[in-house]
2 protein chains.
Amino acid sequence: MKRLRLRCEISAPEEEALRAAVQGPFVHAAEQVIVRRGERLNSSILLLDGLLARYKDLSNGQRQITHLHVPGDFADLHGYTLGYLDHNVITLTPCRIARAPHAKVTEITGRFPNLARAFWFSTNLDASIHREWEVSLGRRNAIERAAHLLCELQSRLLAVGAAEGNGFGLPITQNQFAECLGLTGVHVNRVLRELREAGLADFRSGRVTIHDRPRLESLAEFDPLYLYLDRPAN
Amino acid sequence: MKRLRLRCEISAPEEEALRAAVQGPFVHAAEQVIVRRGERLNSSILLLDGLLARYKDLSNGQRQITHLHVPGDFADLHGYTLGYLDHNVITLTPCRIARAPHAKVTEITGRFPNLARAFWFSTNLDASIHREWEVSLGRRNAIERAAHLLCELQSRLLAVGAAEGNGFGLPITQNQFAECLGLTGVHVNRVLRELREAGLADFRSGRVTIHDRPRLESLAEFDPLYLYLDRPAN
DNA sequence: CGGATTATTGATGGACATCAATTCTAGTGG
DNA sequence: CCACTAGAATTGATGTCCATCAATAATCCG
């Protein structure tokens, strides 16, 4: 909960209302589908700890992860207005979550318009990240995509206090990483080696170490504007 | 304005409030950047006629279009909570737009919570389309991407009454189409020829004709669920 | 009608996929 | 504590899809 506040300048009473509205925490093992495409939703998930992914499957067995969620994210708040999701949500690691029943969301956003704005902002931020991923998937080559995602994750994790020093935990497989990047695991492996050998970054056994952030950003053409870390209008 | 109502089940007084809130219409020529990345926003654009694109440029001159807007879309409503955009918005064709000052948005959403939900829904729908584009860009090959986008555009245009019969106007260049798909204009040209010769669809001189929608959908693995055309919870 | 943009087609090259081993690692049970 | 095993990572060889380069044809527009 602390993390949500950090991102969104919520007042004390607002935070209290939110805290009172959510249920949990609940824990889930890794690799559990916790929201299914098309299924009607009555509550939304606040990720407290761990990593979640939104993804879509194709008939040939390929998968595209469309978003990674870090602690503090409202993972499927968009389901509140959409009614159901167009994608699945899966735990990539063991996760601790809280649930906000939609009835409570209606209630507290009615009581605190500022909270409604913060929630809306949160879904708009997700969309902004989607757009940057579209740019990566459409126009960046493999090494640039990998570099860009590493930059993004470090920035987002630092913003919520879930990264320390020049590294962060990323306990996912290279295949899952590849599913974010629209690449194969094999090629991601080669590209990670390149990044390592160039002294830019090291992603190995569930942990990322950024050795040269400036050059990594430059390689990826990373510009954090799309993360709205300066706390926008509210 | 009629088109917004079609998508969102707004009541008569709500529609009236919205109509009273917006300024315009204004007209813009084609190829005009009408919202600039990073620039602080005081109003949001409702597209009445024409086509708008959200896009990002890369330093090597490449461009990725991240979203196409059709009439009835609120093109940069997300700027209301974000404060500024992470991308530019450009007119692809001559456009007629209305502008909703953010102060008015605040006012009418305060007065009509249902309208606030409808606005929030609208930005969440944009995000859903972003996700489907991520899937295309990450996992579909060139012909599938083209087929998918043609299916999407026909569905969206039909939904707002801007398509007739088995075709619709799409007065953009093959290069702009390619910028949506993460491809080059040259390759899009070849792929469009394939679609034409297979008797699936014809995109030629600013007009799309869908000859075999079922096979086009099947080729693209198009599933309209992500467009939320069934009018979701509100 | 002339100039520019757009579309079209061919030839070549490169980035990433695919296929296929092999090695490494972590978890399990004896 | 150590074989055993399954998944994950790594590396090599080959193939393919799309980019790039280049030229010509078509179309648009003042």
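Residue numbers begin at 1 in each chain, while the letters A, B, ... track the order of the sequences.
Separating the CG atom of A:Leu192 from the P atom of D:dT11 is a distance of 11 Å, rounded to the nearest angstrom. Between the NE2 atom of B:His187 and the P atom of D:dA22 there is a distance of 20 Å, rounded to whole Å. If you measure from atom CG of B:Leu183 to atom P of D:dT16, you get 20 Å, rounded to the nearest angstrom. Rounding to whole angstrom units, CG of residue B:Asn60 and C1' of D:dT20 are separated by 13 Å. When rounded to the nearest whole Å, the span between CG of B:Asn141 and C1' of D:dC18 equals 10 Å. The CZ atom of B:Arg207 sits 20 Å away from the C1' atom of C:dT6 (whole-angstrom rounding). Counting to the nearest Å, the C1' atom of D:dT10 and the CD atom of A:Gln174 are 8 Å from each other. At whole-Å resolution of the value, CD in A:Gln176 and P in D:dG7 are 14 Å apart.
Within the 4.0 Å cut-off from OP1 or OP2 of D:dT10, not a single side-chain nitrogen or oxygen of A:Arg190 is found. The shortest distance between the side-chain N/O atoms of A:Asn189 and the OP1/OP2 oxygens of D:dA9 is not below 4.0 Å. Distances shown here put every side-chain N or O of A:Arg204 at or beyond 4.0 Å from the OP1 or OP2 atom of D:dA9.
If you check every strand for non-hydrogen atoms under 4.0 Å, B:Gly182 touches sugar and phosphate atoms only. Nucleic acid contact for B:Thr173: sugar-phosphate only, since backbone atoms but no base atoms lie under 4.0 Å from a heavy atom of the residue.
Between A:Arg140 and B:Ser205, the residue whose closest nucleotide on DNA chain C is further toward the 5' end is B:Ser205.
Salt-bridge annotation for B:Glu152 and B:Arg145: absent, with no side-chain N of the basic residue lying under 4.0 Å from a carboxylate O of the acidic one. We find that A:Glu132 and B:Lys56 are joined by a salt bridge, their nearest charged nitrogen and carboxylate oxygen being less than 4.0 Å apart.
Residues A:Gln176 and A:Glu31 bring a donor and an acceptor atom of their side chains to less than 3.5 Å of each other. In this model, no donor atom of one side chain and acceptor atom of the other lie less than 3.5 Å apart for A:Arg131 and B:Thr66.
We find the CD-OG distance between B:Gln64 and A:Ser136 to be 10.0 Å, quoted to the nearest 0.5 Å.
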